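Since the structure is predicted, the reported quantities are computational estimates derived from the model, not experimental observations. Residue numbers start from 1 in every chain, and the chains themselves are labelled A, B, ... in the order their sequence lines are given, proteins ahead of strands.
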There are 2 protein chains.
Amino acid sequence: MSRRSGILEFAVLGLLRESPMHGYELRKRLNTSLGVFRAFSYGTLYPCLKALVANGWLTEETGSEPETAPASLTGRRAKIVYRLTPEGKSHFEELLAHSGPDAWEDEHFGVRFAFFGQTSRDVRMRVLEGRRSRLEERLEKMRTSLARSRERLDDYTLELQRHGMESVEREVRWLNELIESERAGRDQRAVDPAERNQKDTSGDTGGLPRRRGGSRPDSSDDTTT
Amino acid sequence: MSRRSGILEFAVLGLLRESPMHGYELRKRLNTSLGVFRAFSYGTLYPCLKALVANGWLTEETGSEPETAPASLTGRRAKIVYRLTPEGKSHFEELLAHSGPDAWEDEHFGVRFAFFGQTSRDVRMRVLEGRRSRLEERLEKMRTSLARSRERLDDYTLELQRHGMESVEREVRWLNELIESERAGRDQRAVDPAERNQKDTSGDTGGLPRRRGGSRPDSSDDTTT
DNA sequence: TTCGTCATGTAATGGGTTACATGATTAC
DNA sequence: GTAATCATGTAACCCATTACATGACGAA
């Protein structure tokens with residue numbers, strides 16, 4: 001059961017592959033590490049976790065001593081730590097390899113990209129190129145529709161259109177760079193992130209431009225939610 | 001009745017203010033002129049139109065001769081042309097002036113911007129500045145969360161983050177330009193778009209950079225590498 | 001002791017899509 | 001004459017949010 005919407009499921013499995021976590025933390029990770037794009041609420045996340053457990057892809061581990069507490073007195077609402085099962089792991093790997101045409105859509109693409117470190121180069125290439133051609137289609141549509149109605153539109157609408165197109169063009173250029181450096185880099189197979197910390201960080205992860213430094217990270221303050 | 005989701009309602013009223021239209025055409029306009037962002041389906045649009053009629057903001061006009069056709073024989077499924085009523089018009093103007101804090105959110109902002117030609121400069125300023133500060137907040141959050149987890153993340157996630165931030169920074173710069181030129185331009189009151197075609201097109205619409213030139217990537221700035 | 005954050009959950013609701021059903025008009 | 005596109009609509013479903021309910025833990 002549960003055609004539980006791919007994207008969240010995918011992201012959860014991917015994050016849990018790195019290390020076990022409880023729901024609350026998971027959600028924060030979704031909204032930061034990946035979450036430039038999407039902010040999921042508890043009302044979405046918790047039911048999804050239950051479903052994944054029901055599918056055998058996760059196990060729940062309550063942090064409290066095993067059944068010592070009567071659960072009725074001072075019930076000690078335990079942290080529930082979710083851990084990926086082997087089935088879950090292989091299911092995630094299937095999803096990773098799949099790369100169907102949904103994978104080039106806006107939100108999907110972002111999440112896919114976030115887990116690129118765990119994919120093989122040919123999958124990365126397929127996703128990047130798929131995304132690029134999707135954007136090029138979109139660009140084409142924008143261009144023609146703009147050409148058809150240029151006279152009819154006021155300056156603001158025109159400026160909006162122009163800015164929109166420019167953004168898409170930028171993303172295409174970005175993809176070009178990425179594709180280029182994937183092509184140049186040596187093939188790098190999927191890496192199990194659970195073992196990543198032990199290994200050296202110096203290794204090439206596949207051929208990223210390694211530009212680093214776009215905007216200053218100032219290490220000072222913390223966020224108020 | 002009908003807390004019919006603001007954004008579509010707003011866009012429909014705005015488009016119909018320019019000229020009466022039937023649903024099908026309306027939808028196309030939504031997905032081109034405004035629709036760089038959102039693609040609404042008929043399943044959304046038609047019920048919405050009905051609701052707007054029920055509210056007295058639109059009238060339906062079936063194109064066929066007034067009741068001459070029996071409607072049973074060759075029923076001639078007529079085009080239904082929707083026209084803004086005076087009540088609808090004033091309701092739209094209320095919405096335009098309102099500019100609550102929803103107006104700076106991603107999709108909302110785009111639609112608001114598309115109708116800037118029909119607003120006064122101070123409303124435009126409020127929306128632009130609201131949008132900008134919303135983006136700056138977001139940027140701040142991204143920066144700190146990135147700073148907190150930079151070491152933990154692999155190169156792809158990092159690159160994704162970087163690209164995301166760069167996009168937001170770009171939009172902020174765009175807004176800065178717009179705000180600047182609004183400030184410089186003379187005040188321009190709302191223009192009834194129904195009368196726009198008769199008037200001269202040469203007039204300043206409020207102070208846009210008037211850059212025009214489709215999708216030229218401007219040669220000046222590039223990444224702040 | 002109260003406030004903020006951590007932590008888990010559910011029921012009601014909302015906003016939208018998909019798939020379907022129907023038929024007219026135009027272009028080839 | 002048939003395919004594509006124009007044109008209008010509905011019902012079933014889906015995904016996710018909101019608001020609510022509960023409660024522990026740490027710091028002021």
(request) Sequence neighbours left out, what passes ring pair (Phe, Tyr, Trp, His ring centres under 6.0 Å) with B:Phe113? Give chain and number order. (result) A:Tyr156, B:Phe109, B:Phe116, B:Trp174
(message) Within the 4.0 Å heavy-atom criterion, would you say A:Gly43 contacts the bases, only the backbone, or no part of the nucleic acid?
(response) base
(message) B:Glu171 and salt bridge (charged side-chain N to carboxylate O under 4.0 Å, His left out): which single residue from B:Arg138, B:Arg132, B:Arg131 fits?
(response) B:Arg131
From [atom1] of [X] over to [atom2] of [N], roughly how many Å is that when rounded to an integer?
| X | N | atom1 | atom2 | result |
| --- | --- | --- | --- | --- |
| B:Leu30 | C:dG15 | CG | C1' | 15 Å |
| A:Phe40 | C:dG9 | CZ | C1' | 18 Å |
| B:Leu52 | D:dG9 | CG | P | 13 Å |
| B:Ile80 | C:dG23 | CD1 | C1' | 13 Å |
| B:Leu45 | C:dT18 | CG | P | 15 Å |
| B:Asp102 | D:dT18 | CG | P | 12 Å |
| B:Leu49 | C:dG16 | CG | P | 13 Å |
| B:Leu26 | D:dC6 | CG | C1' | 15 Å |

Output the single nucleotide from [options] whose closest atom is nearest the side chain of [X].
| X | options | value |
| --- | --- | --- |
| B:Thr44 | C:dG16, D:dA7, C:dG9 | C:dG16 |
| B:Ile7 | C:dT10, D:dG9, C:dG16 | C:dG16 |
| A:Tyr46 | C:dT8, D:dT8, C:dT10 | C:dT8 |
| A:His22 | C:dT17, D:dG9, C:dA7 | C:dA7 |
| B:Tyr24 | C:dG9, D:dT5, D:dT17 | D:dT5 |

(request) Indicate whether OP1 or OP2 belonging to C:dG9 is found under 4.0 Å from a side-chain N or O atom of A:Lys50. (result) yes
(request) State whether B:Tyr42 places a side-chain N or O below 4.0 Å from either non-bridging phosphate oxygen (OP1 or OP2) of D:dG9. (result) no
Sequence neighbours left out, what passes salt bridge (charged side-chain N to carboxylate O under 4.0 Å, His left out) with [X]? Give chain and number order.
| X | result |
| --- | --- |
| A:Arg83 | A:Glu61 |
| B:Glu136 | none |
| B:Glu87 | none |
| B:Glu105 | B:Arg134 |

(message) So for the helix from C:dT1-D:dA28 to C:dC28-D:dG1, with five pairs setting each end axis, what is the inter-axis angle to 10°?
(response) 30°
(request) Taking only Lys NZ, Arg NE, NH1 and NH2, and the carboxylate oxygens of Asp or Glu, determine whether B:Glu25 and B:Lys79 approach each other closer than 4.0 Å. (result) no
(message) Judged by each residue's nearest nucleotide on DNA chain D, which is more toward the 5′ side, B:Lys28 or B:Glu60?
(response) B:Lys28
